[in-house]
S.K.: 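One structure follows; several queries about it will come next.
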Amino acid sequence: MNTNDVERRLEALAAASANPDLPPAILDKLARLEAGSVVMTPLQVQRVPAERRASKRSVRGLMLLGLAATLTLTGGLIYAVATQNKPNSSPTPPVTLGQWQQMHTFSGSPYDQFETVWLSWQNDEIVGVANGHDKFDLFQSCVLQSKDGTDWTCANLPKPADICSTDSCATNLEVAVSNGAWVATGLVQNQGASGTALPPATSVTWTSSDGTTWTEQPGQRLPNYTGAAVLYIYSAPPTELLATRHGFVRGGTAIGTLAAGANVLMTSTDGVTWQPARLSAGSLAMSSATLAAGPDGYLAVGTCAATTGSSNQPCAAHSPDGETWTTSSPAAGATSGLADRLQASGNPAFFDGKWVVSMVTHMDISGTGTMPSDSGYYEALSADGLNWTIQQRSYPTRLENAFSDYGTYYAVVSQQGTSGLWAISGAESSGTAEPTIPYLPPDAPHTYWSEEGTYWQRITAGPEGYPLAIVETPTQVLAFIAAYPAGSGPDSYPNVIPTVSVWAADKH
Amino acid sequence: MVEAQPAPKPATAPTAASFSTEIEGELAAAYRLAGYILGDAIEAQDAVQEALERAWNGWPKLRSRDAAKAWFARILINVCKTKLSARGRGSVRDLNEDLDLADSDDPFRASLLRDAVGRALSELTADQRIVIVLRFWGRLSMPEIGERLGIPEGTAKSRQHYALETLKRALARDREDLR
């Protein structure tokens with residue numbers, strides 16, 4: 001079956017689908033509106049302190065999830081998980097943040113194509129990538145570098161001309177530095193003729209000695225990776241390339257069934273030659289993986305090529321040295337019904353002596369239309385990356401977009417830094433396509449902190465706009481913020497190009 | 001001497017009286033679209049009522065009555081997207097679990113459950129599902145979908161492409177399961 005067959009089946013199904021009468025309640029609603037039961041002027045909403053407003057919204061959101069409670073603390077809110085076994089702790093951030101200050105504004109090509117940004121602290125500098133696309137869906141990506149957050153370079157990578165018929169076709173770039181060697185991986189996709197389906201992407205590797213001049217390694221191309229869809233999914237891009245003590249490890253998401261001996265988890269000592277990760281006895285190859293480093297090694301989380309239960313059930317691979325990997329199931333502690341619906345979400349992390357794997361239930365929109373009572377966010381915790389316990393977790397409503405495809409507000413979360421996790425919630429992610437509906441005045445942006453992702457504390461105000469990325473450096477927390485003209489927003493991209501600025505708050 | 005130019009024709013300003021004139025005729029199609037986006041008649045009814053209320057409140061701000069229908073459709077889609085989002089992440093599920101629900105009283109759900117491709121819609125993200133429903137149930141072209149959603153046509157095409165790929169994989173899996 002190909003996608004044309006799918007289209008034909010959809011057409012047939014739509015043609016045969018029911019066309020029910022309009023329920024009288026809808027016409028009744030219209031009549032009541034016209035009769036004046038709703039005043040036809042913009043609602044006047046009395047401004048209340050931002051903290052109270054946010055509190056109400058958060059409580060409402062958490063009650064809907066049916067799994068969380070809120071605790072009010074001095075200086076902000078703590079969002080805590082009300083589970084049977086986990087005590088409600090109230091950690092405080094080890095540093096305080098100063099006011100956010102604008103450090104730099106990008107202008108001109110290629111800085112006019114920043115749709116997603118990924119930032120990290122590596123090599124004693126800020127290293128990141130910017131991914132974007134133009135009106136013709138031509139991808140524009142570059143490798144960002146800055147020592148101080150003020151002066152930036154963004155190096156373009158040479159296009160693989162035999163794959164790309166266009167000037168720009170690389171996306172989902174990642175970059176890592178190990179022992180002075182730079183490696184970037186990205187997905188390259190020939191856009192094909194207008195109106196035709198996009199072909200599968202090829203994962204491509206570039207190397208560099210300075211992060212500025214790059215060379216593609218044509219011998220390391222990996223076909224059949226998922227492509228540009230990633231651009232539209234998460235505010236926080238997955239980490240699929242990581243420096244290890246002995247070189248590099250990479251993950252990704254493969255399309256279809258893995259060939260025998262294949263593994264999306266691959267290792268390299270120099271970034272030039274890659275091989276499938278060496279597996280300990282009984283371990284499984286991974287078909288998708290995101291990565292994190294910790295003091296006792298490395299963890300990959302995604303799906304394994306062959307598991308019992310749901311094929312999407314989370315699978316983790318731990319390695320003490322980045323070379324030999326042992327797989328386990330972070331959802332193993334869940335009941336079977338829940339375990340089959342859990343799927344890894346976002347990047348793994350290590351904090352406070354434990355590996356943390358974020359998970360979320362899927363299959364929630366089932367034919368019954370009823371969300372199972374155990375639906376929601378979970379985390380698996382492990383001291384050794386092999387044996388897991390799971391518990392429910394909760395994010396502030398305003399941060400939901402940083403961890404899933406959903407959420408009302410644009411939000412980003414940092415990689416685990418020396419102080420924990422930092423996040424910013426910014427402008428609303430919907431509403432740009434309609435006139436302002438003043439049910440509630442817009443909330444101010446917020447900065448959040450969490451020790452390892454379970455408890456979130458609202459720390460201070462955040463920069464205005466749509467946050468793209470956030471990173472902790474030894475002295476600052478730094479964020480990329482996109483500003484759109486009034487009446488437009490990320491949904492307008494790339495017809496409307498945002499102004500992207502760098503903001504920083506000093507750590508004290 | 002500069003010749004006086006005729007004043008530009010003002011856009012037809014919306015009035016309270018014009019609201020039902022413009023919107024009432026859209027309600028049946030809106031209900032159907034919401035029904036197939038949400039896959040649930042009760043939620044669809046709720047979504048249309050919420051969109052009506054939002055549109056009513058925003059009506060005085062609408063600059064041109066000519067844009068009223070597309071504007072109302074956008075509001076409805078935003079409401080539906082919010083409702084889908086509130087349900088949680090929709091992704092892969094067991095296609096067989098709904099087979100015994102094909103006699104559902106809900107007309108939208110029953111229609112979707114009639115075919116595996118309808119059941120597989122629940123594997124799509126909210127954005128993908130909206131594009132698919134607008135294309136096949138709303139019979140809109142890709143440029144029209146882009147305009148309706150306020151996104152570039154290329155983005156709409158890309159969402160459709162990945163939606164179709166997801167549905168293709170779901171159907172292949174379904175066939176494997178039935179072997």
S.K.: Looking only at heavy atoms, what is the nearest atom pair of A/Ala18 and B/Tyr36, with distance?
M.R.: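 What the structure gives for the nearest pair is O-OH, 2.6 Å.
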S.K.: Go through the atoms of B/Ile132 and report whether side chain, backbone, both or neither lie under 4.5 Å from a heavy atom of chain A.
M.R.: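 Contact with chain A is through the side chain of B/Ile132 alone.
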S.K.: Look at the side chain of B/Arg114 and the backbone N and O of A/Ala16, then say whether any donor-acceptor pair between them is shorter than 3.5 Å.
M.R.: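 Judged by distance alone, yes, a pair lies under 3.5 Å.
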S.K.: Given that the side chain runs from C-beta out, which part of A/Asp21 has a heavy atom under 4.5 Å from chain B: side chain, backbone, both or neither?
M.R.: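 A/Asp21 touches chain B through backbone heavy atoms alone.
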S.K.: Minimum heavy-atom separation for B/Arg32 and A/Asn19, please, with both atom names.
M.R.: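 Smallest interatomic distance, heavy atoms only, reads CD-OD1, 2.9 Å.
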S.K.: Pick whichever of B/Glu24, B/Gln45, B/Gln49 has the most heavy-atom pairs under 4.5 Å with chain A.
M.R.: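 That would be B/Gln49.
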S.K.: Show the numbers, then the answer: is there a side chain to side chain contact (heavy atoms under 4.5 Å, CB included) between B/Phe19 and A/Leu30?
M.R.: CA-CA 9 Å; B/Phe19 182 78; A/Leu30 181 62; 3.5 Å; yes
S.K.: Answer whether the closest heavy-atom distance between the side chains of B/Glu165 and A/Val6 falls below 4.5 Å.
M.R.: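 Heavy-atom side-chain distance check fails, nothing below 4.5 Å.
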S.K.: Say you draw a straight line from CG of A/Asp5 to CG of B/Leu164; how long is it, rounded to the nearest 0.5 Å?
M.R.: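 That separation rounds to 11.0 Å.
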S.K.: Which pair of heavy atoms, one from B/Phe136 and one from A/Glu7, lies closest together, and at what distance?
M.R.: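 Shortest heavy-atom contact: CE2-O, 3.6 Å.
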S.K.: Output the option from B/Met142, B/Arg135, B/Gln160 having the highest count of non-hydrogen pairs under 4.5 Å with chain A.
M.R.: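 Most heavy-atom pairs under 4.5 Å with chain A: B/Arg135.
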S.K.: Closest heavy-atom contact between A/Arg9 and B/Asp115?
M.R.: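 So the minimum-distance heavy-atom pair works out to NH2-OD1, 2.8 Å.
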S.K.: Determine yes or no for a side-chain-to-main-chain donor-acceptor pair under 3.5 angstrom, with A/Ser17 supplying the side chain and B/Ser111 the backbone.
M.R.: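 Flag not set: sc A/Ser17 to bb B/Ser111 has no pair under 3.5 Å.
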S.K.: Can you find a heavy atom in the side chain of A/Leu10 that is under 4.5 Å from one in the side chain of B/Leu167?
M.R.: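 Answer yes - side chains close enough.
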S.K.: At what distance, to the nearest 0.5 angstrom, does CG of B/Leu27 lie from NZ of A/Lys29?
M.R.: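 Spacing of CG (B/Leu27) from NZ (A/Lys29) equals 12.5 Å.
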